[in-house]
2 protein chains.
Amino acid sequence: MKDSHKLIIDNVSRFIDLTELEKQKYISLLTEVKVKRRAYLMQAGEITKYEYFITKGCLKAYTLDVDGVPHISMFAVEDYWTGDIASFITKQPSRYFIKATEDSELLGISRANYDLLFQEIPKFERFYRILYQRSLISYIRRSNHGISLTAEERYIEFKKKYPNIVNRITQKDLAGYIGITPEFMSKIISKVNRM
Amino acid sequence: MKDSHKLIIDNVSRFIDLTELEKQKYISLLTEVKVKRRAYLMQAGEITKYEYFITKGCLKAYTLDVDGVPHISMFAVEDYWTGDIASFITKQPSRYFIKATEDSELLGISRANYDLLFQEIPKFERFYRILYQRSLISYIRRSNHGISLTAEERYIEFKKKYPNIVNRITQKDLAGYIGITPEFMSKIISKVNRM
DNA sequence: GAAAAAAAATGAACTAGTTTAAGACTTTTA
DNA sequence: TAAAAGTCTTAAACTAGTTCATTTTTTTTC
């Protein structure tokens, strides 16, 4: 089996057990996608056709506000899932751009195959139930931190939680994620490093 | 069938179809709970034993920061779900208080019955998959708004999204949800009303 | 229904984070 | 490998939101 397929099967197998046949069936529903550094996986205005699992590389998802300032909603590296679940599910145009910050490789599942998957292997309802449950727990935490922590505290949290991501992204993008300007991010970092 | 049971069955039936027997089985796994205004459904430090569906009333969930300032993570009224999913799933002590702001009635499912439910009626994997998916979509939006909108914009959003909640809660609690002080909330409201 | 307690409004002094601008450093491109 | 473009740093002036203190209004309690 390919390395990328092994990675996604291992990811799924954390929550459900699949037979060999089911693994093959699942893999047959996936599409391989490569995105070069600085290329877009998707852009605002499109209706998202796929949800993606990353097997290699790093991507950022962001919206642009009325002044054209980017607000980064997520970074994603190997073994993470990415996409715009709201657009994928509701079939409404997305407000997100997803751009590769390194040459990346992904496995995508189309909306049609996603629906088919639940019919063919109902166990996947459980997989996604648990996956969404866990994502939900981290977004609840993040939405609380956004309103209750200072920018400096959010930066310290991020570094602690994603030590493997912090040195793969620019300071400017991190500022867009934390919700502050790059200038203030620069101040915070030099302050935290001095402590 | 009791009104409260009818309400929860209708809620579940939006995503999955249940036979009469399954409905009865599901209801048998639920526990009725009443909470008086200003009483706690749960408190920080406890390990959450239940997830709740509200059949009557209104509750708020909040954490206290290091200075003892409350940050409200959610309001919930009839036909909403509430609880601390992180503590419920991980069996770690919760950091949340959930307090009734009106006399309230709820249906709780214990962790043991929640696990049993998936064995007895696997269709519920699908129900929770969709429920968590939808919650996830709204928390992703909220966590982005927390970092990309001003307090005034967040207030206007809240009023638009939850017109049925805004006049059942105090301005002070709304401030705790928006992530600002009650004083600044007061200023925003008088400004927005003047517009 | 009077007294007490809590919520809301207002204002002045303050602070976390923004804006604008300019220079130094790093990466990309031709 | 030079020039162009993007990123990072620093600093001064500014603004969104806080803090603290006081008064008014509303709600709760006995």
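First the proteins, then the strands, lettered A, B, ... as listed; each starts at 1. All heavy atoms count here, side chains included; hydrogens, waters and symmetry mates do not.
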Summary of side-chain hydrogen bond (donor to acceptor under 3.5 Å, both in side chains) pairs that have at least one residue in residues 84-96 of chain A, sequence neighbours excluded: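 Sorted pair list: A/T48-A/S87, A/D84-A/S94, A/Y96-B/N144.
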Could you tell me the separation between the [atom1] atom of [X] and the [atom2] atom of [Y], rounded to the nearest 0.5 Å?
{"X": "A/F15", "Y": "A/R129", "atom1": "CZ", "atom2": "CZ", "value": "10.0 Å"}
{"X": "A/L117", "Y": "A/I109", "atom1": "CG", "atom2": "CD1", "value": "5.0 Å"}
{"X": "B/K99", "Y": "B/M42", "atom1": "NZ", "atom2": "CE", "value": "14.0 Å"}
{"X": "B/Q24", "Y": "B/L18", "atom1": "CD", "atom2": "CG", "value": "11.5 Å"}

Protein proximity profile, nucleotides 7-14 of chain D - base contact B, sugar-phosphate-only contact S, no contact -, cut-off 4.0 Å on heavy atoms: SSBB----
Protein-to-nucleotide contact annotation, 5' to 3' order, nucleotides 25-30 of chain C [B base; S sugar-phosphate only; - none; under 4.0 Å, heavy atom]: ---SS-
Centroid-centroid distance, A/F118 to A/F124, less than 6.0 Å: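 For A/F118 and A/F124, the ring centres are not under 6.0 Å apart.
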Nucleic acid contacts - residues 145-154 of chain B versus DNA chain D, non-hydrogen atoms under 4.0 Å: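 Those residues are B/T150, B/A151.
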Any A/Y155 side-chain heavy atom under 4.5 Å of A/L174 side chain: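 Yes. Closest side-chain heavy atoms under 4.5 Å.
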Set of salt bridge (charged side-chain N to carboxylate O under 4.0 Å, His left out) partners for B/R142, sequence neighbours left out: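 Residues passing salt bridge (charged side-chain N to carboxylate O under 4.0 Å, His left out) with B/R142: none at all.
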Heavy atoms from other residues, nucleotides or ligands near CG of B/D17 exceed 12 (cutoff 6.0 Å):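 It does not: B/D17 CG has 12 such atoms or fewer within range.
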Any donor-acceptor N or O pair under 3.5 Å, side chains B/E183, B/S186: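 B/S186 and B/E183 do not have a side-chain donor-acceptor pair below 3.5 Å.
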Nearest-Å distance for atom pair CG/C1', residues B/L174 and C/dA9: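 Answer to the nearest Å: 16 Å.
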Separation of C/dA9 P from B/R194 CZ (nearest whole Å):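 Result: 11 Å.
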Among A/D173, A/I169, A/T63, side chain to side chain contact (heavy atoms under 4.5 Å, CB included) partner for A/I72: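 Exactly one option meets the side chain to side chain contact (heavy atoms under 4.5 Å, CB included) with A/I72, and it is A/D173.
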Within residues 67-76 of chain A, residues whose heavy atoms come under 4.0 Å of DNA chain C: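 Of all residues in residues 67-76 of chain A, none places a heavy atom under 4.0 Å from DNA chain C.
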